[in-house]
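Everything on this sheet refers to the single structure shown next.
First the proteins, then the strands, lettered A, B, ... as listed; each starts at 1. These numbers come from a predicted model, not from an experiment. Values below: all heavy atoms of this structure, side chains included; hydrogens, waters and symmetry mates excluded.
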2 protein chains.
Amino acid sequence: MDIFLETVSALNDETRIKLLFFLDTHGALCVCDLQESFGMIQSRLSRHLKILKDGGFLRVDRCGTWAYYSIRNPLDRFRSEALAEIRCLGIELPPLIKHSQTGDCKL
Amino acid sequence: MDIFLETVSALNDETRIKLLFFLDTHGALCVCDLQESFGMIQSRLSRHLKILKDGGFLRVDRCGTWAYYSIRNPLDRFRSEALAEIRCLGIELPPLIKHSQTGDCKL
DNA sequence: CCATAACATCAACATATCTTGATATATTAT
DNA sequence: ATAATATATCAAGATATGTTGATGTTATGG
């Protein structure tokens with residue numbers, strides 16, 4: 001019950017829905033890239049990404065000082081159904097602004 | 001987007017999840033029966049049922065002074081997937097206490 | 001018409017969630 | 001070692017949501 005509520009409440013925010021769709025569209029991105037793209041301060045994004053991760057939607061790959069967030073794969077039925085629903089919403093996403101230099105990170 | 005959020009936030013409450021599962025299990029019930037079964041005051045139930053209805057999960061059939069709530073049928077993919085997920089949660093439900101006399105209502 | 005029952009809605013309070021700015025931690029570069 | 005960068009976390013205020021008791025509304029029955 002609590003796990004389901006954690007999953008559902010992760011979806012219960014406009015910012016997080018956009019983040020999910022953005023990461024679904026562009027693949028793995030670090031917090032600073034999302035910060036540039038969304039024009040949001042870092043603490044706000046960091047919080048929402050944590051909630052999406054705890055809700056089972058995202059994974060994190062740390063690489064030096066960067067944290068790359070991406071859609072977890074595979075997603076279970078309910079979560080992938082939610083993601084499919086989000087794809088149908090016609091959400092306008094901001095342009096991707098890549099600010100980070102991945103260098104020798106293996107993603 | 002707003003419609004999806006309305007659907008998701010309808011799921012984002014323990015009382016509402018139990019109501020969904022209860023109605024899924026027992027079929028159409030009026031508010032006073034839910035009141036007896038759940039031991040909750042009427043205004044609280046009425047509010048949650050409205051949220052579930054607005055979220056697209058429930059329908060209402062009025063019959064004299066009674067309002068019978070039941071799972072909407074058919075549910076779309078996302079909502080039925082959510083309901084399926086709820087069925088797997090192992091939620092303990094209170095016993096059904098039928099207080100209403102349906103009389104000549106056609107349900 | 002009046003009383004009662006079922007239900008919906010409102011106002012007020014309590015609780016939870018989101019946002020922001022500040023601070024902490026860890027990694028990299030000089 | 002020092003500075004700079006990326007990220008996480010915390011505390012405080014703002015906003016949203018849930019709960020309760022009171023009040024409306026509608027339908028039924030005497």
Worksheet entry | Nucleotide-resolved protein contact map, nucleotides 13-26 of chain C, B/S/- at heavy-atom distance under 4.0 Å | -----BBBBB----

Worksheet item: Rounded to the nearest Å, what distance is computed from the CG atom of residue B/Asp33 to the P atom of nucleotide C/dA5?
Response: 16 Å

Item to complete: May I ask you to test the A/Trp66-A/Asp61 pair for a side-chain heavy-atom distance under 4.5 Å?
Response: no

Worksheet item: Side chain of B/Arg59, backbone of B/Tyr68: donor and acceptor closer than 3.5 Å?
Response: no

Discussion item. How many whole angstroms separate atom CG of A/Leu45 from atom C1' of D/dT7?
Written reply: 11 Å

Response to the item:
CG of B/Leu58 to CG of B/Asn73, rounded to nearest 0.5 Å, is 12.0 Å

Discussion item. What is the separation between atom CG on B/Asp61 and atom P on C/dC7, rounded to the nearest whole Å?
Written reply: 13 Å

Worksheet entry | Atom-pair distance (CG on A/Leu52; P on D/dT7), nearest Å | 16 Å

Item to complete: Name all residues meeting the side-chain hydrogen bond (donor to acceptor under 3.5 Å, both in side chains) criterion together with A/Arg62; count only those two or more places apart in sequence or in a different chain, and write none if there are none.
Response: none

Worksheet item: Just how far, in rounded Å, is P of D/dT15 from CD of A/Glu14?
Response: 17 Å

Worksheet, complete the sentence: Atom CG of A/Leu49 and atom C1' of D/dT7 are separated, to the nearest Å, by 11 Å

Item to complete: Please work out whether the ring planes of A/Phe4 and A/Phe78 are parallel, tilted or perpendicular, with thresholds of 30° and 60°.
Response: tilted

Discussion item. So does B/Ser9 get a backbone contact from the side chain of B/Arg16, meaning a donor-acceptor N/O pair under 3.5 Å?
Written reply: yes

Fill in: Atom pair distance, as rounded to whole Å: OH in B/Tyr69 and P in C/dA6
15 Å

Worksheet item: Roughly, in whole Å, what's the span from CD in B/Gln35 to C1' in C/dA5?
Response: 11 Å

